[in-house]
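Inspection log for the structure reproduced underneath, given as structure tokens.
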Amino acid sequence: MVDHLSSEPVQAELYDAFNSGVRDFGFYLPLVMSARSVLDVGCGTGELLRLARESGHTGRLCGLDPSEPMLEQARRKRTDAEWVLGDMGSVDWCREFDLVVMTGHAFQVFVEDEQLRESLAAIRSALTEDGRFAFETRNPLAREWEKWIPENAVEVVHECRRVRMAHKVESPVAGDRVSFTTTFTSPGWIRPLQSHSTLRFLDADSLASFLSEANLAIEEQFGDWDRQKLTDTSPEIITVARRA
Ligand SMILES: C[S@@+](CC[C@H](N)C(=O)[O-])C[C@H]1O[C@@H](n2cnc3c(N)ncnc32)[C@H](O)[C@@H]1O
């Protein structure tokens with residue numbers, strides 16, 4: 001039986017099991033492999049950088065995340081990458097990275113305008129002169145949060161136990177912010193574990209103005225991982241930007 005006070009360590013331990021087979025690494029890994037120095041902001045359990053090292057990347061790989069339990073998972077995987085605890089407000093990198101990525105919709109954690117502006121400014125500073133910033137955010141027009149209902153819960157087997165993860169969105173949705181709870185249950189636990197999150201769903205125009213204000217120019221934009229054109233019905237807004 002487990003009786004954790006916080007869901008964070010358990011969520012970090014289960015993260016890879018619930019997110020395996022996500023299609024975004026097919027897009028990001030080639031970008032990472034062709035860059036000498038890479039910063040992964042909101043790196044979580046470090047899966048992308050682990051894959052890069054295992055695929056033969058010999059340059060600098062640095063993962064940044066404010067969650068210690070997530071970084072603990074990353075450190076267990078590789079000791080030959082830098083794992084930094086914090087966010088873009090707590091670091092001071094200047095023209096050091098050829099590529100900055102934010103994967104797994106980590107970009108959507110920037111909920112407040114000021115936080116978004118400061119993070120984009122710090123990301124720009126971290127980029128080398130020719131550096132690229134690649135990230136994705138869910139297209140609000142696709143309204144993916146409408147599928148985040150308990151009926152769509154998913155299950156994995158972790159350490160021989162079934163664990164179920166269910167989302168429930170708080171309604172009404174407030175502007176471009178979606179708040180939701182995630183509940184984990186398992187027959188081996190004495191109680192469910194719950195976390196609360198808010199994500200921002202910026203539309204393409206708002207995203208473009210935040211990037212332009214931060215002196216970042218959009219170089220390429222796609223609507224899905226197969227690099228199809230961004231349209232109103234695209235599930236993703238995938239952006240590669242550079243210093244303007
Ligand atoms: C959905 S996970 C994505 C993890 C990983 N990038 C992936 O592709 O699987 C979002 C991550 O963003 C991190 N995060 C939360 N707030 C953040 C912030 N202000 N700056 C950077 N990362 C943050 C979380 O701790 C979490 O690890």
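Order of appearance sets the numbers: ligands from 1, and atoms from 1 within every ligand. All values below come from the heavy atoms of this structure, side chains included, with hydrogens, waters and symmetry mates left out.
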**Ring centers of F184, W189 separated by less than 6.0 Å** = no
**Prompt:** Salt bridge check: are R117 and E112 linked by an N-O gap of less than 4.0 Å?
**Reply:** no
**Item:** Charged N-O contact under 4.0 Å between D40 and R50
**Value:** no
Write 'none' if nothing qualifies; otherwise put on separate lines each N/O atom of ligand 1 with a protein N/O atom under 3.5 Å away and their distance to 0.1 Å.
unit_1	atom_1	unit_2	atom_2	d
ligand 1	6 (N)	G42	O	2.7
ligand 1	6 (N)	T103	O	3.1
ligand 1	6 (N)	T103	OG1	3.0
ligand 1	8 (O)	T103	OG1	2.5
ligand 1	8 (O)	G104	N	3.3
ligand 1	9 (O)	Y15	OH	2.7
ligand 1	25 (O)	D65	OD1	2.6
ligand 1	27 (O)	D65	OD1	3.4
ligand 1	27 (O)	D65	OD2	2.6

**Asked** Taking only residues at least two apart or on different chains, which pairs with a member in residues 233-244 satisfy salt bridge (charged side-chain N to carboxylate O under 4.0 Å, His left out)?
**Response** E219-R242
**Request:** Using ring-ring contact (aromatic ring centres under 6.0 Å, His included) as the criterion, list what pairs up with F107, not counting sequence neighbours.
**Result:** F110, F135
Indicate every side-chain donor-acceptor pair of residues 80-91 with a distance under 3.5 Å to a residue at least two apart or in another chain.
unit_1	atom_1	unit_2	atom_2	d
D80	OD1	R78	NE	2.9
D80	OD2	R78	NH2	2.7
E82	OE1	R60	NH2	3.1
E82	OE2	R60	NE	2.8
W83	NE1	R78	O	2.9
D87	OD1	G89	N	3.0
D87	OD1	S90	N	3.3
S90	OG	D87	N	3.0
S90	OG	D87	O	2.8

